[in-house]
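First up is the structure itself, then whatever we jot down about it.
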Amino acid sequence: MIDRTDIQAAVQARLAKRYRAEGRFRMFGILAIMSAIAVLILLIGSIASQSIPAFRVHELTLPVTLEGSRVDPAGDRSEASLRRGPYNSLLQEALRAEFPHIQERDELRELFGLYTPLNSARLQNHVLDNTDLVGQTIDFTFPISDDADLYLQGLTTTSSEAAPGLVATPSGRTGDISIFANANVFSPIVADIRAQLTSEAEELEDRAARYEARAANSSGDEAAASLTREAEQARTQAASRRELAAPGGDGINMSPDLPSRLVRMNGGIIQIDRISDGGRTAEGRVLVALDSTEAGSEWTIWTLDVPQAERRITDAQIAWAETLLARGRVVQGFNTYLFTNADSREPELAGVLGAVIGSGLTMLVTMLLAVPIGVATAVYLEEFAPKNRITGFIEVNINNLAAVPSIVFGLLGLAVFISLFGLPRSAPLVGGMVLALMTLPTVIISSRAALKAVPPSIREAALGVGASRLQTVVHHVLPLAAPGILTGSIIGLAQAMGETAPLLMIGMVAFVADTPSLSAAGLTEPATVMPVQIFLWSDGAERAFEPRTAAAILVLLALMIVFNAVAVLLRRRFERRW
């Protein structure tokens, strides 16, 4: 006799097991989605945090006198005459007026390093656009150098400032001066320097010992000799540091390898080069002229933690940048240059406008070629082509082409469009044709899937009322398949927009500083695209290109999000439920 109680218990056990399995599956799915969202947030957040410095820029505003005799030598306000003006000299004179005590050539070169001479071209264009400015003094605003900008954003070095509170007297206002204190106020600096030198000497000695040990165990004579030389060099450097760190002597000299010490007093800034007299006297160079030589206790010692030898901006440039910031000549604002300029060797002037226009022209060519050809091919294969071996062979190859690496299409474009037909390199026309080849399989496959999704009853009804096959397809099938065709095409174009490899093969990796025109001529002008621009900036030597690379990635992501949003809107707009 069957025991119903046992059967019921067994069913309940199996049901509970199934429910637990379903619960685990649901939990794993939720965990997978949450993990994907967390990774995406981490990725976007990391890129966004790195890009923040690129969206800010410090701009320098100087009064520039546009003397008519210099800016307009011919005196006729013609373009040829205005282009002969010494605009960079005008900028240099305006900047030099802020620090009139600077006379030495090396110091002037250092001062003019606060901006790039390319800004003179912007001043020239400004005068060409406003010829009435000739003879006037204008406030001209331009970005300071990328190194000064990074420093003012706090990305170069940390710093600290302390007020000793003791009386000190400077020996002069400009040039090389001494600062006399009524106590050994500079002794802590000497102690810090000696401690640091001792620490560095110990590290060098340890390194020398490691080299010597590796040389002793080395099997090759050449390698052993190289390691021995490295060890001797390290011991020599260590001995030099121990000599500098040894107590006693007449004083201690500052070195570019040590954290910089500056003194702010009487409205000026002095760079300390030497400390003597038992820590009571500091000798150095005046970077910003002092207002007076009066003794006082309101002065500070300013420490820059990163040594000058380990940064691209000098102590003097830091002092001048800080002074200009305090005077209101330097102001931080939104970096419009990032969106209004094309590429540049100078990071502070580099922008993405040229790459955005190049991407737009390239994608225009891609869309005009890939979408009509792809949709027409899909319609023929799905609606009109006979089902035979040739059609099957074509379909199989189209599916295979969708999986071919994109760089292969770049090689094909290089061989056919450039080498065979002689089309220009680095042109949006060629780039668009190459990307169209790459996108065609995606458009064909997605369009065929959309056509297949149209119910056969639509075709049968149209044919039943006397429509031809072409009328059936054009008037009934295609409109109903349009949402799927548009979605697949836009996703394929968005994928093409992010491609880099095929464009590198046709020379779109070249540096292009001019923005391509939006006319038909722009299709054959040298241009670059957003992925290639990001690739170029990521390889830039200047540190300021790092945040600009992250900012360009955000711009590219924003463009691709717009593309996908358009795809979603179009699908919802034309979607029809059966």
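Owing to the predicted nature of the structure, the values given are computational and were not obtained by experimental measurement. Side-chain atoms are counted along with the backbone in the values below, which use heavy atoms only and exclude waters and symmetry mates.
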Under 3.5 Å, which donor-acceptor pairs link side chains of residues 323-334 to any protein atom two or more places apart or in another chain?
| from | atom 1 | to | atom 2 | distance (Å) |
| --- | --- | --- | --- | --- |
| T323 | OG1 | A319 | O | 2.7 |
| R327 | NH1 | E98 | O | 2.8 |
| R327 | NH1 | E98 | OE1 | 3.2 |
| R329 | NE | E98 | OE2 | 3.2 |

Could you walk me through whether E202 and R241 satisfy the salt bridge (charged side-chain N to carboxylate O under 4.0 Å, His left out) test, starting with their C-alpha distance in whole Å, then the side-chain angles of each, then the deciding distance to 0.1 Å, before giving a yes or no? CA-CA 9 Å; E202 291 173 352; R241 279 165 171 72; over 6 Å; no
Using modelled atom types only, decide if a donor and an acceptor are shared between the side chain of S344 and the backbone of E346 within a distance under 3.5 Å. yes
Kindly write out the residues that satisfy ring pair (Phe, Tyr, Trp, His ring centres under 6.0 Å) with Y115, not counting sequence neighbours, or none if the list is empty. F142
Between CE on residue M254 and CD1 on residue I272, distance to nearest 0.5 Å: 6.5 Å
Rounded to the nearest 0.5 Å, the CZ atom of R274 sits from the OG atom of S178 at a distance of 10.5 Å
Looking at A234, is its backbone amide N or carbonyl O close enough to the side chain of R207 to form a donor-acceptor pair, meaning the two atoms are under 3.5 Å apart? no
Hey, can you pull the donor-acceptor pairs under 3.5 Å for the side chains in residues 35-47, sequence neighbours left out?
| from | atom 1 | to | atom 2 | distance (Å) |
| --- | --- | --- | --- | --- |
| S35 | OG | L31 | O | 2.7 |
| S46 | OG | Q50 | NE2 | 3.3 |

Are the side chain of S255 and the backbone of D257 linked by a donor-acceptor contact shorter than 3.5 Å? yes
Pairs touching residues 141-158 that satisfy salt bridge (charged side-chain N to carboxylate O under 4.0 Å, His left out), sequence neighbours left out: D147-R312
Pairs satisfying salt bridge (charged side-chain N to carboxylate O under 4.0 Å, His left out), at least one member in residues 531-547, at least two apart: none
Before giving the answer on side chain to side chain contact (heavy atoms under 4.5 Å, CB included), spell out for Y151 and T157 the whole-Å C-alpha distance, their side-chain angles and the decisive distance to 0.1 Å. CA-CA 7 Å; Y151 165 74; T157 177; 3.9 Å; yes
Decide yes or no on side chain to side chain contact (heavy atoms under 4.5 Å, CB included) for L503 and T528, but give the supporting numbers first. CA-CA 9 Å; L503 301 179; T528 186; over 6 Å; no
By side-chain hydrogen bond (donor to acceptor under 3.5 Å, both in side chains), which residues pair with R109, not counting sequence neighbours? D106
Please confirm whether the backbone N or O of V286 pairs with a side-chain atom of Q271, one donor and one acceptor, at under 3.5 Å? no
SB check E93 R70 (cutoff 4.0 Å): yes
Looking at R261 and D192, is any side-chain nitrogen of the basic one under 4.0 Å from a carboxylate oxygen of the acidic one? yes
Decide side chain to side chain contact (heavy atoms under 4.5 Å, CB included) for E322 and V288; before the verdict, give the C-alpha distance in whole Å, the side-chain angles of both, and the deciding distance to 0.1 Å. CA-CA 10 Å; E322 288 278 5; V288 178; over 6 Å; no
Does T340 use its side chain to pair, donor to acceptor, with the backbone of T336 at less than 3.5 Å? yes
Quiz item: cation-pi between R548 and W537, 6.0 Å / 45°: no
All heavy atoms of L349 vs all of P143, minimum pair found to be CD2-CG, 3.6 Å
Beyond-backbone contact of V555 with F339, side-chain heavy atoms, under 4.5 angstrom: yes
Any carboxylate oxygen within less than 4.0 angstrom of a Lys/Arg side-chain nitrogen, looking at E107 and R285? yes
Nearest heavy-atom neighbours spanning N253 and L258: O-CD1, 4.4 Å
Indicate whether the side chain of T137 and that of T65 have a donor and an acceptor atom separated by less than 3.5 Å. yes
Please check if atom CZ in F112 has more than 12 non-hydrogen atoms from other residues, nucleotides or ligands closer than 6.0 Å. yes
Distance-minimising heavy-atom pair for G410 and I506: O-CG2, 4.1 Å
For residues T116 and E348, is any side-chain donor paired with an opposing acceptor at under 3.5 Å? no
Ignoring hydrogens and geometry, is there a side-chain-to-backbone donor-acceptor pair from S359 to M530 under 3.5 Å? yes
List in chain and number order the residues that pass side-chain hydrogen bond (donor to acceptor under 3.5 Å, both in side chains) with Q92, two or more places apart in sequence or in another chain; answer none if no residue qualifies. none
Side chain T549, main chain F545, donor-acceptor under 3.5 Å: yes
Not counting sequence neighbours, list each pair that qualifies as a ring-ring contact (aromatic ring centres under 6.0 Å, His included) and has a residue in residues 254-283. none
By side-chain hydrogen bond (donor to acceptor under 3.5 Å, both in side chains), Q237 pairs with (sequence neighbours left out) none
Verify the neighbour count for atom CD of Q136: are there more than 12 heavy atoms of other residues, nucleotides or ligands below 6.0 Å? yes
Rounded to the nearest 0.5 angstrom, the CD1-CG distance for I179 and L290 is 7.5 Å
Verify the neighbour count for atom CZ of R122: are there more than 12 heavy atoms of other residues, nucleotides or ligands below 6.0 Å? yes
Assess whether side chain to side chain contact (heavy atoms under 4.5 Å, CB included) is satisfied between V134 and E67, documenting all intermediate values. CA-CA 7 Å; V134 176; E67 299 178 28; over 6 Å; no
Non-hydrogen side-chain atoms of R96 and I102 separated by less than 4.5 Å: no
Which residues pass the salt bridge (Lys or Arg N to Asp or Glu O under 4.0 Å) test with E283, sequence neighbours left out? none
Looking at E294, I'd like to know if its CD atom is crowded, meaning that more than 12 non-hydrogen atoms belonging to other residues, nucleotides or ligands lie closer than 6.0 Å. no
Are side-chain N/O atoms of E499 and S406 paired as donor and acceptor at under 3.5 Å? yes
How about I301 and E161: do any of their side-chain heavy atoms sit closer than 4.5 Å? no
What's the spacing between R264 CZ and I270 CD1 if we round to 0.5 Å? 10.5 Å
What are the two closest heavy atoms between T515 and A342, and how far apart are they? OG1-CB, 3.6 Å
Under a 3.5 Å distance rule, please check whether N266 uses its side chain to pair with a backbone N or O of G268 as donor and acceptor. no
For the pair S51 (side chain) and A48 (backbone), establish whether a donor and an acceptor sit closer than 3.5 Å, ignoring hydrogens and angles. yes
Please report the C-alpha distance between E205 and R235 in whole Å, then the side-chain angles of each, then the deciding distance to 0.1 Å, and finally whether the salt bridge (charged side-chain N to carboxylate O under 4.0 Å, His left out) criterion is met. CA-CA 6 Å; E205 289 167 352; R235 289 205 176 280; 5.5 Å; no
Taken in chain and number order and not counting sequence neighbours, the residues that satisfy side-chain hydrogen bond (donor to acceptor under 3.5 Å, both in side chains) with T61 are T141
Where at least one partner belongs to residues 170-223, residue pairs that pass ring-ring contact (aromatic ring centres under 6.0 Å, His included), sequence neighbours excluded: F186-W299
Counting only N and O atoms by type, is there a donor-acceptor contact under 3.5 Å from the side chain of Q153 to the main-chain atoms of R56? yes
Looking at P531 and T500, what are the two nearest heavy atoms and their distance? CB-OG1, 3.0 Å
